[in-house]
**Q** 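Dropping a structure here in structure tokens format, bear with me for questions.
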Amino acid sequence: MTKKYYVKVENLVKKYPASGKNELLTVFENCSFGIEKGEFVCIIGHSGCGKSTILNILAGLDRATEGNIFMNGKEVLGPSLERGVVFQNYSLLPWLSTLKNVTFGVRARFPQWNKAKVIEHSMKYLELVGLTEAVDRKPAELSGGMRQRVSIARSFATQPKLLLLDEPFGALDALTRGIIQEELIKVWGETKQTVFMITHDVDEAILLADRILLMTNGPFARIAESVKVSIPRPRDRTSVIHHPGFYKIRNHLVDFLVSRSKELTASEAGRAEMQEIAAATHPKELDPAADSQGQHAVVSKVRSTINVRNVK
Amino acid sequence: MRYRPALRPLIISLVFLFVALGSWEWSSQPPKATEALSEYELLMGGAEQEARVPPPSAVIIHAFNELSDPFYDAGPNDKGIGIQLAYSLYRVLTGFLLAALIAIPCGFVIGMFPVMHKAMNPYVQILKPISPLAWMPLALFIIKDSEASAIFVIFICSIWPMLINTAFGVANVRKDWINVARTHELSDMRTAFTVILPAAAPTILTGMRISIGIAWLVIVAAEMLVGGTGIGYYVWNEWNNLDLTSVIFAIMMIGIVGMMLDLILSSVSRWVAYEE
Ligand SMILES: Nc1ncnc2c1ncn2[C@@H]1O[C@H](COP(=O)(O)OP(=O)(O)O)[C@@H](O)[C@H]1O
Ligand SMILES: [Mg+2]
């Protein structure tokens, strides 16, 4: 592994005091992975395996029991404006209006700017997520989707070097989620930020990510695999599912979540594989859609002829 | 006429007022002289002189007279109701503001640091249930000034609800909001003022409302003790004069002013309120 990563996570371990006992409970151990600059990485795993904990440690809000994180060569030791966070809920300040919530971040990030510049900059990002109409409303007067848009606008407006998203669309209905996913792609496409995102939605991960990290079940969870999403960009919800690699990746992910994440901790063979994973310094790299490139070209040609025929 | 449901509580209120005042008026009429007064009664000035609660009509007429000239000053025992209320308000507001000045920053510290909460909680728990008037002799002895002692009593009774509510509000600010401040690298000071204070403001305001309510309850008793001026002294003085009309009028005024104090703070709390 000589790859030069922008963010490097090395042998991260987190233990919590187990309730009622003196010993510590290991949530996850030996977690090592890297994120390249400009890369969009998603992490998937069952509830409780420690995804949020990893994200909070990356953000500098929580400390690891063991292990280190380096970003751009510097160790992550506490929260910083270089890392923006979007939480699942409650990351907006309810007593501030939409605009003030965004200027709150912008003012912290660019203290030397005057008021007009702060507002102009904030409005630009609110425009990107389509919220110019709601700037004077308080979060309580916004729908869940609009609130998450404000959070996204705020975190992009502070232009962090690494953006951390903890199940940002988990509480949204499918329709709203689809729309905001596309807005996220749009904003990300313009800023080319490095993103680390937690999700429990396989399709969302394939749509958004360059790479998907798969985590086994806790306790003693590990990051087992790193799955490359070799589907060309720009992607959108309707076309991505027609890419021949889509179902290969999807089946791999679902198979991991449904059976292998369990097997890895329960069966003999699984435990042996876990040993392997534990011994490796990085998760196993996979590219389920690698051999689908040529096929895809064919498929898209067929589809375009169909479209032409339909027009006639 | 169109049916107006909004008017119903008003109608019920008015009916209640009418019935209450009516029965009060009726019950406080002097008994009719059914027979000629005895020699004794004549000597004592008639049955009329028997002490009885004045009827509401008398109180209303008295109130009208008093309120048409609330600020007259005819010597230490004869001041207008406005002057007396102003003295009481001055004491309450001074004591209350001094208490706020100390309770809110201290509550902030106690709320922000659990170790401070653990350290200070026993003292708060012991000091809080002490009747503020129990401090009066000590205050008079140490301060040697009845005016300042009354203010001190108000101070000591207003401090606890504000201290406790501020600490509670600050300690219970949602972790996510603190994390927002942390990820934006806000200094501790800026976090305190731009995140914790607005987040805890509704709870702090509730504490202030409780405090001013208690202060207004206590000032009457405190002024009865220290004498001189104020609405509490006025009530006691009029009782000594056996002027029950004035006593009832003063009771009403205490209620009205107390309500206005609460209304002012409740409008401030509406201003800092937020919905999650
Ligand atoms: N403060 C804490 N004390 C003890 N255990 C905790 C604490 N926070 C999280 N955990 C445990 O750590 C595990 C991982 O939590 P989390 O990172 O939130 O999981 P995920 O985000 O993957 O659903 C959970 O099993 C949870 O019970
Ligand atoms: Mg989580």
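These values consider heavy atoms only, across backbone and side chains, with no hydrogens, waters or symmetry-generated copies. Sequence lines set the chain letters: A, B, ... in the order given, protein chains first and strands last, and positions in each chain run from 1.
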**Q** Where on B/Val195 is there a heavy atom nearer than 4.5 Å to chain A: the side chain, the backbone, both, or neither?
**A**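 Contact with chain A: backbone and side chain both.
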**Q** Please flag which part of B/Ala273 lies under 4.5 Å from any non-hydrogen atom of chain A: side chain, backbone, both or neither.
**A** neither
**Q** If I take atom CZ from residue A/Phe104 and atom CG from residue B/Leu186, how far apart are they, to the nearest 0.5 angstrom?
**A**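 So the gap between those two atoms works out to 4.5 Å.
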**Q** Kindly compute the distance separating OG1 (B/Thr194) from CZ (A/Arg107), expressed to the nearest 0.5 Å.
**A**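 Taking OG1 in B/Thr194 and CZ in A/Arg107, the distance rounds to 8.0 Å.
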**Q** Side-chain contact test, heavy atoms from C-beta onward, threshold under 4.5 Å: evaluate it for B/Val180 versus A/Ser91 and give yes or no.
**A** yes
**Q** Considering only heavy atoms from C-beta outward, does the side chain of B/Glu185 approach that of A/Pro79 to under 4.5 Å?
**A** no
**Q** How about OH on B/Tyr87, more than 12 heavy atoms from neighbouring residues, nucleotides or ligands closer than 6.0 Å, or not?
**A**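 No, because the 6.0 Å sphere around OH of B/Tyr87 holds 12 heavy atoms or fewer from other groups.
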**Q** Are the side chains of A/Pro94 and B/Trp177 in contact, using a 4.5 Å heavy-atom criterion?
**A** yes
**Q** Any chance CG of A/Asn114 has more than 12 other-residue heavy atoms, nucleotides or ligands included, within less than 6.0 Å?
**A**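 Yes, CG of A/Asn114 has more than 12 neighbouring heavy atoms, counting only those of other groups under 6.0 Å.
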**Q** Would you find more than 12 non-hydrogen atoms of other residues, nucleotides or ligands less than 6.0 Å from B/Glu275 atom CD?
**A** no
**Q** So for atom CD, which belongs to A/Glu120, do other residues, nucleotides or ligands contribute more than 12 heavy atoms lying within a distance under 6.0 Å?
**A** no
**Q** Is the count of non-hydrogen atoms from other residues, nucleotides or ligands lying under 6.0 Å from B/Arg209 atom CZ greater than 12?
**A**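 Correct, the count exceeds 12.
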**Q** Kindly indicate whether the side chain of B/His184, heavy atoms from C-beta on, has any atom under 4.5 Å from the side chain of A/Thr158.
**A**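 Yes, at least one pair of side-chain atoms sits under 4.5 Å.
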**Q** For A/Phe110, does the CZ atom have more than 12 heavy-atom neighbours from other residues, nucleotides or ligands under 6.0 Å away?
**A** yes
**Q** Only one of A/Leu61, A/Asp62, A/Asn56 passes side chain to side chain contact (heavy atoms under 4.5 Å, CB included) with B/Asn179; say which it is.
**A**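 So, applying the side chain to side chain contact (heavy atoms under 4.5 Å, CB included) to B/Asn179 and each of A/Leu61, A/Asp62, A/Asn56, only A/Leu61 qualifies.
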